[in-house]
Amino acid sequence: MSTIGIIGAGNIGRAIARAFARKGIATTLSNSRGPESLTTAVADIGRLVTAGTREEAAAKDIVFVAVNWSKLPAALAGLPPFGGRIVVDANNPIEAPLFKPAELGGRASSEVFADLVPGARVVKAFNHLLSELLAADPTTDGGKRVLFYSGDDAGAKTAIGALIEQLGFFGIDLGSLAIGGRLTQFPGGPLPALNLVKFD
Ligand SMILES: NC(=O)c1ccc[n+]([C@@H]2O[C@H](COP(=O)([O-])OP(=O)(O)OC[C@H]3O[C@@H](n4cnc5c(N)ncnc54)[C@H](OP(=O)(O)O)[C@@H]3O)[C@@H](O)[C@H]2O)c1
């Protein structure tokens, strides 16, 4: 089983940790202020979550990043090379309080994100739902809540697709970062905040 690190311990980072804990999978959760600041969050999620440093989280096999858009450069600066490991971009290019869309130079936000994690195989996922829904039990109304994923590396997408299923969601591969990433990107894409459920 791959080890899982999470950079960003806000609404989305904690929702991801909760989804893994529900299935008995351990994660290392980190923020900018250090592990001591995460005592309450970790106790709330349960024993499978460990508070770590940003560097500890970034050293895991699969690294989720859920940080405010403007803070991503600082959150990802100075980390050791990713060396082909998978990094999941759960971010959107907009943030409170102004909610002004970030300037992306015509690229998908995940393509911009990928420049911040050189050597990583980037998959965009876990970014289209509001955090409350992402944290909730994905088995709902007799079906499975849908999560989208997209990326430019087929192997990385296969791995994240399998992980999404393991967490109890129904994964849908949307293609490349440029195409699929844009579909789930907020603002701009048609899919953000859609709570879709797959029935057999
Ligand atoms: N909220 C949603 O429903 C939602 C839905 C879909 C996608 N998203 C996207 O998910 C991302 C996170 O959103 P959120 O709502 O979880 O934000 P949030 O609650 O404000 O949490 C942001 C987290 O990023 C951490 N962070 C900031 N700078 C950092 C650094 N230099 N190093 C390490 N960690 C750092 C913060 O840690 P400190 O507090 O210690 O600084 C905090 O734990 C955003 O890109 C957002 O667009 C959010």
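Counting starts at 1 for both ligands and their atoms, in listed order.
Nearest protein neighbour of atom 36 (C) of ligand 1, counting heavy atoms only, is Asn31 CB, 4.4 Å. At the top of the distance list for atom 9 (C) of ligand 1, counting protein heavy atoms only, stands Ala90 O, 3.5 Å. Atom 25 (C) of ligand 1 has as its closest protein heavy atom Gly8 CA, 3.9 Å. Atom 20 (O) of ligand 1 has as its closest protein heavy atom Asn68 ND2, 3.0 Å.
Residue Asn11 holds the heavy atom nearest to atom 19 (O) of ligand 1 of all those in Leu29, Leu38, Ile7, Asn11.
Side chain of Asp173 to backbone of Gly175: a donor-acceptor contact under 3.5 angstrom is found. Side-chain atoms of Ser30 come within 3.5 Å of backbone N or O of Ile6 as a donor-acceptor pair. With hydrogens and angles ignored, the 3.5 Å screen pairs a side-chain donor or acceptor of Glu111 with a backbone N or O of Ala108. Under the 3.5 Å distance criterion, the side-chain polar atoms of Arg85 are left unmatched by any main-chain donor or acceptor of Val63.
Annotation: Asn92 places an N or O atom under 3.5 Å from an N or O atom of ligand 1; distance criterion only. Between Val67 and ligand 1, at least one N/O pair is under 3.5 Å apart. At a 3.5 angstrom cut-off on N or O pairs, Ala9 counts as close to ligand 1. Considering backbone and side-chain N/O atoms, Ser131 comes within less than 3.5 Å of an N/O atom of ligand 1. Distances between N or O atoms of Arg33 and those of ligand 1 include at least one value under 3.5 Å. Polar contact check, Ile12 against ligand 1: a nitrogen or oxygen pair lies under 3.5 Å apart. Residue-to-ligand polar distances place Ser32 within reach of ligand 1: an N/O pair is separated by less than 3.5 Å.
Of the inter-residue distances, the one linking Ile164 atom CD1 with Phe148 atom CZ reads 10.5 Å to the nearest 0.5 angstrom.
Atoms of ligand 1 found under 4.0 Å from any heavy atom of Asn127 (numbered from 1 in listed order, with element): 6 (C), 7 (C). Ligand 1 places these atoms under 4.0 Å from at least one heavy atom of Leu129: 5 (C), 6 (C). Taking a cut-off of under 4.0 Å to the non-hydrogen atoms of Leu130, the atoms of ligand 1 that pass are 3 (O). Interface of Gly10 with ligand 1, defined as ligand atoms under 4.0 Å from a residue heavy atom, comprises 16 (O), 18 (P), 19 (O), 21 (O), 23 (C), 42 (C), 43 (O). Per-residue contacts place Arg54 under 4.0 angstrom from the following atoms of ligand 1 (heavy atoms of the residue considered): 32 (N). Close contacts between ligand 1 and Ala66 involve ligand atoms 11 (C), 12 (C), 23 (C), 24 (O) [criterion: under 4.0 Å to a heavy atom]. Listed by number with element, the atoms of ligand 1 under 4.0 Å from a non-hydrogen atom of Lys71 are 27 (C), 28 (N).
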side-chain hydrogen bond (donor to acceptor under 3.5 Å, both in side chains) between Glu95 and Ser70: does it pass, once the steps are laid out? CA-CA 8 Å; Glu95 65 186 64; Ser70 66; 2.9 Å; yes

With side-chain contact (heavy atoms from CB on, under 4.5 Å) as the criterion, how do Leu76 and Ile7 come out once you've worked through the C-alpha distance, each side chain's angles and the decisive distance to 0.1 Å? CA-CA 9 Å; Leu76 297 168; Ile7 299 177; 4.2 Å; yes

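Pairs engaging residues 10-26 under the salt bridge (Lys or Arg N to Asp or Glu O under 4.0 Å) rule: Arg18-Asp44 [sequence neighbours left out]. Sorted by first and then second residue, the salt bridge (Lys or Arg N to Asp or Glu O under 4.0 Å) pairs with a member in residues 115-137 read Asp89-Lys124, Arg107-Asp115, Arg121-Asp153; sequence neighbours excluded.
Residues Ile160 and Val87 are members of separate hydrophobic clusters, defined by side-chain heavy-atom contacts under 4.5 angstrom among Ile, Leu, Val, Met, Phe, Trp and Tyr.
When non-hydrogen atoms are compared, ligand 1 lies under 4.0 Å from neither the backbone nor the side chain of Ser30.
Contact annotation: the side chain of Phe169 never approaches that of Val146 to less than 4.5 Å [non-hydrogen atoms, C-beta and beyond].
At a cut-off of 3.5 Å, with distance as the only test, no side-chain donor of Thr28 or Glu56 sits close to an acceptor on the other residue.
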